[in-house]
**Q** 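Provided herewith is a single structure, encoded as C-alpha cells, for subsequent inquiry.
Ligands are counted one by one from 1 in listed order, and the atoms in each one are counted from 1 as well. The chain is numbered in sequence order, starting from 1.
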Amino acid sequence: MSDKKFASQADLAEKKVSFDQLSEHAYAYTAEGDPNTGVVVGDDGVMVIDAQATPVMAQDVLRHVRSVTDKPVKYVTLSHYHAVRVLGAAGYRAEHIIASRDTYDLIVERGEADMKSEIERFPRLFRAVESVPGLTWPSIVFERRMTLWMGELRVEILQLGRGHTKGDTVVWLPQDRVLFSGDLVEYGATPYTGDAYLTDWPATLDAVAALRPAKLVPGRGVALQTPEDVQAGIEGTRAFISDMFESVKSGVTAGHDLRTVYRDTYAELAPKYGHWVIFDHCLPFDVSRAYDECTGHRDPRIWTAQRDKEMWDALEA
Ligand SMILES: [Zn+2]
C-alpha cells in the first residue's frame with residue numbers, strides 16, 4: 001500500500017455525465033461516482049441540490065438544466081457543508097442558498113479548513129478552482145425542517161438525523177415520491193465517514209427508508225429508479241457503515257493502535273467493497289473517525305490539509 005497516492009490525487013480520468021429525468025419535476029445530474037447534483041423544476045423556478053465544486057463546473061449543470069427548462073434557478077440547497085459540493089454555488093446566481101442550522105455552524109467552525117483540505121484531496125473535482133469566490137454562505141437557515149412551495153409543488157427540506165455529518169439535509173418531493181439524499185446514501189461509491197456520526201447513521205437511514213421513496217438520488221452513484229434499487233442503496237450504505245464500524249470497535253476493544261486497526265479493517269472490507277469508487281481514498285479517513293468515535297471523541301475532529309497528510313503518512317507508509 002506504500003505506493004498509494006494521497007487521497008484522490010491519482011484519480012485524473014474524466015467521468016461521463018448523465019442527466020436523468022426521475023419524475024415530472026425531478027432530475028439527477030450524475031457522473032459515474034463523482035458528487036451528484038439534484039434538480040427540481042417547480043412552477044416558478046428551479047432548485048439545485050448540491051452545487052458541484054466550482055462555479056465553472058456549475059455551468060455544466062446549468063447547461064443540462066437549460067435543456068429542459070428556461071425557468072430561473074431560485075434556490076440552491078446544500079445537503080451538507082463539504083467543499084466539493086458547495087463551492088460552486090455562486091455559479092447559479094440563485095436568489096437563495098438554503099442550509100440547516102447545523103450545516104451553517106459547521107461552515108463557521110470548519111469551512112475554511114475543509115476547503116483547503118478538500119482541494120488537496122480531489123484536484124480533478126476542483127476544475128477551475130480559481131473561480132471559487134470563497135466560502136458558500138446560506139441566505140436561509142432552517143432548523144429540523146422547512147416546507148417550500150415552488151408554485152403548486154411542495155418541497156420538504158428535512159434534517160432526518162446525523163449521519164455523514166451533523167447537518168445532513170435531504171430534499172423530498174412527496175407528490176413525486178423522489179428523495180435527494182446527499183451523502184447519507186451512496187451507490188457503488190464508498191461512503192466517506194471522516195466527519196460522520198457512525199452511531200447515529202443507521203437510525204437516520206431508517207428515517208430515510210420510512211419515507212418510502214420511489215426514486216432516490218444518492219450523493220454519489222447512479223440515480224436509483226425503482227423501490228428495489230432504492231432499498232439496495234440504503235442497505236448497501238448501512239452494510240458498509242456497520243461492517244467498518246464493527247471492525248474498528250473490535251480492534252479498539254482488543255487494544256490495537258490506529259495503524260493496526262486500519263490494516264485489519266482494510267483487509268476485512270476490501271473483498272466486499274474494494275471495487276466501490278474512492279474506496280482507497282475514503283478508508284483511512286473513515287477508520288480514523290471510527291477510531292475516534294470509539295475512543296471518546298463525540299464530535300469529529302477538524303480535518304486540515306496538514307492533518308490529512310499526517311494521517312495518510314501514518315497509515316499508508
Ligand atoms: Zn460529503
**Q** Take the Zn ion (ligand 1) as the vertex and measure to NE2 of His164 and NE2 of His80; round to 10°.
**A**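 Approximately 100° at the metal, rounded to tens of degrees.
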**Q** Between Trp276 and Phe279, does the ring centroid distance fall short of 6.0 Å?
**A**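 Centroid distance Trp276-Phe279: not below 6.0 Å, so no.
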**Q** Would one find an N, O or S atom of Asp183, in either backbone or side chain, under 2.8 Å from the Zn ion (ligand 1)?
**A**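 An N, O or S atom of Asp183 is closer than 2.8 Å to the Zn ion (ligand 1), so yes.
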**Q** Which atom name does His82 have for its N/O/S atom nearest to the Zn ion (ligand 1)?
**A**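 Atom name of the closest N, O or S in His82: ND1.
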**Q** Verify whether the ring centers belonging to Tyr192 and His82 lie closer than 6.0 Å.
**A**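 Yes, the ring centres sit under 6.0 Å apart.
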**Q** Compute the centroid of each ring, for Phe122 and then for His281, and state whether the two points are separated by less than 6.0 Å.
**A**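 Yes, they do, as the ring centres are separated by less than 6.0 Å.
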**Q** Any side-chain heavy atom of Arg110 within less than 4.5 Å of one from Tyr81?
**A**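 Yes, their side chains come closer than 4.5 Å.
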